[in-house]
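Written below as structure tokens is the structure these notes are about.
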Amino acid sequence: MDEAKTRVLFGGLLLLVLVSVTSGLSPPTIVSNKDEFVLRPSSVFNISCTGKRNVVWAEPLPANTFVLPGYYTATLFIYNATVENTAYYMCTYQSLEGEPEEDNEAGIYVFVPDPQAPFVPETPDNLVVPMDTLGVPISCRVSDPDYHVTLRSLPSGEEMLAYYDTKMGFFASLLPGKYQCETTVDGQTIASAVYTVETEALEEELDFELQDFAVQVEASGELVRAGRPFNVSCVAPAGHSFHQQWLHPKTQAADAVQRKQTLPGRVVYTLSVPRAAPRDSGAYECSVAEEVSGEVRVGSVVVMVFEESSFVALDPSGILSTEFVSLLEETQFTVTMDASPAPKVSWLKDGEDLSQSYYVLTKTSHLEGNRYQSVLTLRQPIGKDDGNYTIRALSGEREAQFSFSLRVKAPTPMVFPPSSGPVLLPPVEELVVPLHTPFTLTCRGAGRLAWSAPLAVQEQARQDNSGLSVTTVAVDNATAAHTGYYVCSYSRNATEEPEESSIYVYVPGRRDAVIQLL
């Protein structure tokens, strides 16, 4: 009874004493020797917190959690853990009013790794960040502490240098704009949500140095058959201060439809011509002006409309009428072409179809739209490869061709001394070949050549019209067993000792590869 009266009479004083005592309390204690936990998805987890008086786990808590209170204790339960449980969990003292006291707290952090969701889902409020000259937080937290995260600026994709914490995200001095985090899981790059750093309205009105901007213009096809549709697109920066305009003669794109698509960090303007006509041929320009600085950027593309039912045009840019190549040095000649329908391409040497072999290869591939390319590869050119080469392309009833002359530079005495042994390529004493990769060795000499190798290898030989012999050994899948000396030799006559040259090939095995990594 007396104790109760004392509380009534001296309640105000008692309250002051309690506040003073509370501020001197030691923080709550979490019953664990760890402050970070990594949980398996769908698992169950519980942890307790104790103190000198009642403790609580701070709200808000995820839906799949509950707290079991006790005498000066509180136990947190997480059941059916998901990536959304990746967060800090704080234990604090409960005040006399029942509210938690954030000044005296203890905490843990929980990760729930999920390869399908490497980034913790964000609330919309966290995706818009106000500009701050001291630094801007980008809160792209990961569900697995071992993930490596990169911050990129959009739309350029430039990597930003910034401090990163797996529990907090990035913190850096960033300009206003769009940003996105990236990480790699099982060889696949996964991006986070897009974060927007905004300036205050007052700051937008102040003078500032305008960053340089660019305009990118592309056409769905630069060669278009009459009657077919085509689009011209223009990618420009986003923002109210940018203004776009299409520039072209009135006769072009008379029936075109204009569209505007706003994307994160950029705007795409599209000019769509539903049915191409010859009058639509010509240059299309996209002009973008920035009203604050007065800067103007213009991009353009040329579209040609053909009335023919088929067409083909070759572009052998960079190939001279006479080409000189070095002996045994791999050389490629690339010809691009525009055609519709898909062209049939053939290569000829001195008017005869060029047969495919290990030493001479041709390959034609589709790039995009009506664009194709064909590549002629001479792996180890020798004198007999001299000649006139022609590429011929057939598309429907249309045909186009281009020819050039090829000359292989003859060896000099300095490269092939008559008294020396056979010459090996590559010209090194030791060659390191990664495990399970291909390699080739070439030998050239004035006589019948023979190889000596650690294992039986595939050998291909041919005669140069200069009288010298060329032979190549090829290994498609190098293993540790291919390590050793490869010796190429020949004899000028039966009475002389063979002359030889050698190269040591080293193929690291799996154990060697591990040692190198260490």
Side-chain angles (χ1 to χ4, degrees), residues 312-339 343 345-365 367 371-394 399-429 431 438-449 459-474 488 490 499 501 503:
V312 59
L314 300 181
D315 180 10
S317 299
I319 303 179
L320 304 176
S321 58
T322 301
E323 288 283 347
F324 293 91
V325 299
S326 298
L327 185 74
L328 299 178
E329 182 178 308
E330 180 170 311
T331 306
Q332 288 188 335
F333 298 96
T334 301
V335 177
T336 57
M337 63 196 77
D338 292 286
V345 179
S346 58
W347 285 88
L348 299 88
K349 179 177 180 289
D350 298 329
E352 301 291 335
D353 284 339
L354 190 62
S355 58
Q356 301 270 17
S357 69
Y358 172 82
Y359 297 99
V360 180
L361 296 172
T362 62
K363 181 179 180 181
T364 301
S365 55
L367 299 180
R371 197 77 166 169
Y372 301 82
Q373 84 171 14
S374 188
V375 180
L376 167 66
T377 302
L378 303 173
R379 281 186 167 173
Q380 295 165 2
I382 58 176
K384 67 184 299 182
D385 293 316
D386 284 354
N388 295 317
Y389 288 78
T390 300
I391 179 175
R392 180 181 296 163
L394 296 174
E399 176 182 340
Q401 65 180 33
F402 168 76
S403 300
F404 66 97
S405 178
L406 178 71
R407 297 291 181 264
V408 179
K409 295 179 183 178
T412 64
M414 182 177 297
V415 178
F416 294 105
S419 60
S420 67
V423 175
L424 279 176
L425 294 175
V428 294
E429 294 183 357
L431 179 65
F439 70 91
T440 60
L441 303 174
T442 300
C443 180
R444 193 169 190 271
R448 183 177 179 81
L449 302 171
E459 179 181 347
Q460 299 190 45
R462 60 176 177 166
Q463 191 77 19
D464 189 354
N465 55 14
S466 64
L468 297 179
S469 296
V470 179
T471 179
T472 299
V473 293
C488 176
Y490 71 82
E499 298 185 25
S501 297
I503 182 174

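- Closest non-hydrogen pair, Pro381 versus Ser326, comes out as CG-O, 3.6 Å.
- At a threshold of 4.5 Å between non-hydrogen side-chain atoms, the residues Ile391 and Leu376 do not count as touching.
- For the pair Asp350 (side chain) and Asn388 (backbone), a donor-acceptor distance under 3.5 Å is present.
- Atom CG of Asp353 sits about 5.0 Å away from atom CG of Leu348, to the nearest 0.5 Å.
- Counting heavy atoms from C-beta outward, Val312 and Leu394 have side chains that stay 4.5 Å or more apart.
- Between the OG atom of Ser501 and the CG atom of Leu449 there is a distance of 10.0 Å, given to the nearest 0.5 Å.
- Residues Pro422 and Cys488 come closest through the heavy atom pair CG-O, 3.3 Å.
- Only one option out of Trp347, Phe404, Tyr389 pairs with Phe333 in a ring pair (Phe, Tyr, Trp, His ring centres under 6.0 Å); it is Phe404.
- We find the CG-CD distance between Leu406 and Glu323 to be 7.5 Å, quoted to the nearest 0.5 Å.
- A distance of 13.5 Å separates CZ of Arg392 from OG of Ser374, quoted to the nearest 0.5 Å.
- Distance check, rounded to the nearest 0.5 Å: CE of Met337 to OG1 of Thr364 gives 5.5 Å.
- Within the model, atoms OG1 of Thr442 and CZ of Arg379 stand 10.5 Å from one another, a figure rounded to the nearest 0.5 Å.
- The two atoms that bring Asp315 and Arg371 nearest to each other are OD2-NH2, 3.9 Å, heavy atoms only.
- Residues forming a side-chain hydrogen bond (donor to acceptor under 3.5 Å, both in side chains) with Thr390 (at least two apart in sequence, or on another chain): Ser403.
- Under the 3.5 Å distance criterion, with hydrogens and angles disregarded, no donor-acceptor pair is assigned to the side chains of Gln373 and Thr336.
- Lys349 places a side-chain N or O within 3.5 Å of a backbone atom of Asp386 that can act as its donor or acceptor partner.
- Not a single side-chain hydrogen bond (donor to acceptor under 3.5 Å, both in side chains) links Thr331 to another residue, sequence neighbours left out.
- The shortest distance between side-chain heavy atoms of Val325 and Asp385 does not fall below 4.5 Å.
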